[in-house]
Engineer: 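The structure is given below, and queries will be raised subsequently.
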Amino acid sequence: MNREKTVFMSIATDVIHGGHIEMIQRAAELGTLTVGVLTDEVVASYKRHPLLSCEERMKIVSGLKGVAQVIEQNDISYAAPLQALKPDYVVHGDDWREGFQKPVREECLKLLAEYGGQLVEFPYSHNPEYDRLEAAARSQLSIPDLRRGRLHWLIEKKGMVTCMEAHNGLTGLIAEKTAVMEQGAIRQFDGMWVSSLCDSTTKGKPDIELVDFSSRMNTINEIMEVTTKPIILDGDTGGLTEHFVYTVRTLERIGVSAVIIEDKIGLKRNSLFGTEVEQQQDSIENFCHKIRQGKQALKTNEFMIIARIESLILEQGMEDALARAFAYVEAGASGIMIHSRRKEPEEIFTYPPPSIPSPRTSGRSGG
C-alpha cells in the first residue's frame, strides 16, 4: 500500500486572504499538508513587524481546512523543516523566483534534489484588494501605541538591533524598505536613528542645538507619516532638565521609541571636534538627576532613555566612562552609548573590561 504524499509550505502573514486559502487548498490536494509558521523574529527581519504573535498565527493556520499539522519555523531557510520532514512536495508562490528571496528558493531546490522531493509553484495572487488589506495592516504599525514599544521588543527578542540614520521621509523609506540577502539570511534595518547632525546639516545650520525642538518634531512627523519602524531620536544634551521632562512626554506620546542624550553642558558642539573646541562634560550627579526626572515623566515602561557618555571624546579615559555608565544605569537609563571619534573600533571594544559586569550598552565609533 502506497503511503500518502506529504506536503510542506511556509507562511508568514497575519492577514489571511483568499489567495492564501486557495494555495493551502491546492497544497492539501497533493497530500498531507504541514505548514511552517515563521516566528515573529524571522518575519520582522525581512517584512513588516507582525501584528499577531507567532502563537496566534499558528492557531489561525491550524484551524484552516486542509492543514494537517502546524510547526514553528525559526528561519526563513527551508533547511530545518526539509531535513526533519523530507516532504514529497514543497509548495510556494512563484513570486520568489526573483528578488531577495531567490537564494532561499535555490537552496530549497538543492535540498529537495538530495532526496527526490519536488517544488510546486502556483501563480502569485495579484489582487488589488489583497494589497489594500496588507496596506491597512501596515498602517496599524504606525499607530503610536503599537510603534513605541517595538524597539524594546526587538532588543529583547534579537539581542542586537541595527538602525539607519534618517532625516526626512525619503531616507526614512530607505531605512524602512531596504532588504538584502547576506550569508543565507535576509537582513533589513530594525529601526531609524534621527540624527541632530544630519537634521541640522539638511537645514544648512551648524550642529550646536540650533535647530529647535519644534523643527525636530516636523522631521520626526515627516518620517512617521511614511514608515512603521521604531525611531530613536538623537536628543543632543536634552537641554535643561525642566525642558527635557516635557520633551520626553511629547516623544512618548507620539510613538518615538527612545531618546539618546549626551552628558555635556553649555554650548553643544559636535563630538567629532573632540578637545579641539571647548566642550564641557556634565557632572555625574546632575546628569543622573536629568535621567531620573525624565523617567518619572513617563507614562509607560516602553519608552527608553539612553545615556550617551562623552568621556572618551573628551579624553577623560575609560575609568571615568565606566563610573558614569554604572551611575546612569542606577539612575534609570535604559541603555548606555559609549561614544568615540576614532576611526578604528579598538577603543569601543575595550569597554567594559572583562572583569567588570556590563550594563546593557551600545557603542559608537567615528561619529
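Heavy-atom basis, side chains included; hydrogens, waters and symmetry copies ignored.
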Engineer: On a heavy-atom basis, which atom in Ala307 and which in Ile291 lie closest, and how many Å separate them?
Structural biologist: CB-CD1, 4.1 Å
Engineer: If I take atom OG1 from residue Thr13 and atom CG from residue Leu51, how far apart are they, to the nearest 0.5 angstrom?
Structural biologist: 9.0 Å
Engineer: Using 0.5 Å steps for rounding, measure from the CG atom of Leu111 to the CG atom of Leu82.
Structural biologist: 5.5 Å
Engineer: Could you please spell out the steps behind the side-chain contact (heavy atoms from CB on, under 4.5 Å) verdict for Lys229 and Asp190?
Structural biologist: CA-CA 7 Å; Lys229 291 183 178 180; Asp190 296 302; over 6 Å; no
Engineer: Is it true that Thr228 and Glu176 share a donor-acceptor pair across their side chains at a distance under 3.5 Å?
Structural biologist: yes
Engineer: Under the side-chain contact (heavy atoms from CB on, under 4.5 Å) rule, what do Glu302 and His152 come out as? Steps first, then yes or no, please.
Structural biologist: CA-CA 7 Å; Glu302 298 172 331; His152 191 275; 5.6 Å; no
Engineer: Under 4.0 Å between a Lys/Arg side-chain N and an Asp/Glu carboxylate O for Arg342 and Glu344?
Structural biologist: no
Engineer: Looking only at heavy atoms, which two atoms of Cys288 and Tyr328 are closest? And how far apart?
Structural biologist: SG-CD2, 3.7 Å
Engineer: How long is the gap from CD on Glu107 to CG on Leu112, to the nearest 0.5 Å?
Structural biologist: 10.5 Å
Engineer: Tell me the side-chain hydrogen bond (donor to acceptor under 3.5 Å, both in side chains) pairs involving residues 246-256, sequence neighbours left out?
Structural biologist: Glu252-Thr300
Engineer: Within a radius of less than 6.0 Å around NZ of Lys158, do more than 12 heavy atoms belonging to other residues, nucleotides or ligands occur?
Structural biologist: yes
Engineer: Around atom NZ of Lys110, are there more than 12 heavy atoms of other residues, nucleotides or ligands at under 6.0 Å?
Structural biologist: no
Engineer: Indicate whether the side chain of Glu222 and that of Asn168 have a donor and an acceptor atom separated by less than 3.5 Å.
Structural biologist: no
Engineer: Answer yes or no: are there more than 12 heavy-atom neighbours, outside Glu114 itself, under 6.0 Å from its atom CD?
Structural biologist: yes
Engineer: Working to the nearest 0.5 Å, report the span between CD1 of Ile338 and CD of Glu347.
Structural biologist: 9.5 Å
Engineer: Check the pair Trp153 / His49 against side-chain contact (heavy atoms from CB on, under 4.5 Å), numbers first and verdict last.
Structural biologist: CA-CA 11 Å; Trp153 180 91; His49 189 285; 3.3 Å; yes
Engineer: On a heavy-atom basis, which atom in Ile24 and which in Leu64 lie closest, and how many Å separate them?
Structural biologist: CD1-CD1, 3.5 Å
Engineer: Given the rule that I, L, V, M, F, W and Y join up when any side-chain heavy atoms are under 4.5 Å apart, are Trp96 and Val7 in one cluster?
Structural biologist: no
Engineer: What are the two closest non-hydrogen atoms of Glu4 and Thr32, and how far apart are they?
Structural biologist: OE1-OG1, 3.1 Å
Engineer: Tell me whether Met9 shares a hydrophobic cluster with Ile60, the cluster being built from Ile, Leu, Val, Met, Phe, Trp, Tyr side chains joined at under 4.5 Å.
Structural biologist: yes
Engineer: Counting C-beta onward and ignoring hydrogens, is there a side-chain heavy-atom pair between Val211 and Thr219 closer than 4.5 Å?
Structural biologist: no
Engineer: In the structure I gave you, are the side-chain heavy atoms of Pro230 and Leu154 within less than 4.5 Å of one another anywhere?
Structural biologist: yes
Engineer: So, Lys5 versus Gln118: side-chain donor-acceptor pair below 3.5 Å or not?
Structural biologist: no
Engineer: Would you give the length of the straight line joining atom CD of Gln101 to atom NE2 of His92, rounded to the nearest 0.5 angstrom?
Structural biologist: 5.0 Å
Engineer: When you check the gap from the basic side-chain N to the acidic O, do Arg57 and Asp40 get nearer than 4.0 Å?
Structural biologist: yes
Engineer: Return yes if a side-chain donor-acceptor contact under 3.5 Å exists between Lys205 and Ser215, otherwise no.
Structural biologist: no
Engineer: Check whether Leu197 and Ile174 end up in the same hydrophobic cluster, where Ile, Leu, Val, Met, Phe, Trp and Tyr are linked by side-chain heavy atoms less than 4.5 Å apart.
Structural biologist: no
Engineer: How many angstroms lie between atom CZ of Phe287 and atom OG1 of Thr241, to the nearest 0.5 angstrom?
Structural biologist: 9.5 Å
Engineer: Give the minimum heavy-atom separation between Asp234 and Ser196, together with the two atoms involved.
Structural biologist: OD2-OG, 3.0 Å
Engineer: Which atoms form the tightest heavy-atom contact between Arg216 and Ser195, and what is the distance?
Structural biologist: NH2-C, 3.9 Å
Engineer: Val120 vs Arg26, test: side-chain contact (heavy atoms from CB on, under 4.5 Å). Steps then yes/no.
Structural biologist: CA-CA 10 Å; Val120 178; Arg26 295 178 70 177; over 6 Å; no
Engineer: Evaluate whether atom CD of Glu330 has more than 12 neighbouring non-hydrogen atoms of other residues, nucleotides or ligands under 6.0 angstrom away.
Structural biologist: no
Engineer: Above 12 or not: heavy atoms from other molecules or residues under 6.0 Å from OH of Tyr124?
Structural biologist: no
Engineer: Does Ser10 have any side-chain contact (heavy atoms from CB on, under 4.5 Å) partners at least two apart in sequence or in another chain, and if so, which?
Structural biologist: Phe8, Leu38, Gln73, Tyr78
Engineer: Hydrophobic clusters here meaning ILVMFWY residues chained together by side-chain heavy-atom distances under 4.5 Å, can you tell me if Val226 and Leu141 are in one?
Structural biologist: no
Engineer: Judged by modelled atom types alone, do Thr39 and Asn74 share a side-chain donor-acceptor pair under 3.5 Å?
Structural biologist: no
Engineer: Tell me whether Ile261 is reachable from Val245 by hopping between hydrophobic residues (I, L, V, M, F, W, Y) whose side-chain heavy atoms are closer than 4.5 Å.
Structural biologist: no
Engineer: Quiz question: by atom type and distance under 3.5 Å, do the side chains of Gln316 and Ser311 form a donor-acceptor pair?
Structural biologist: no
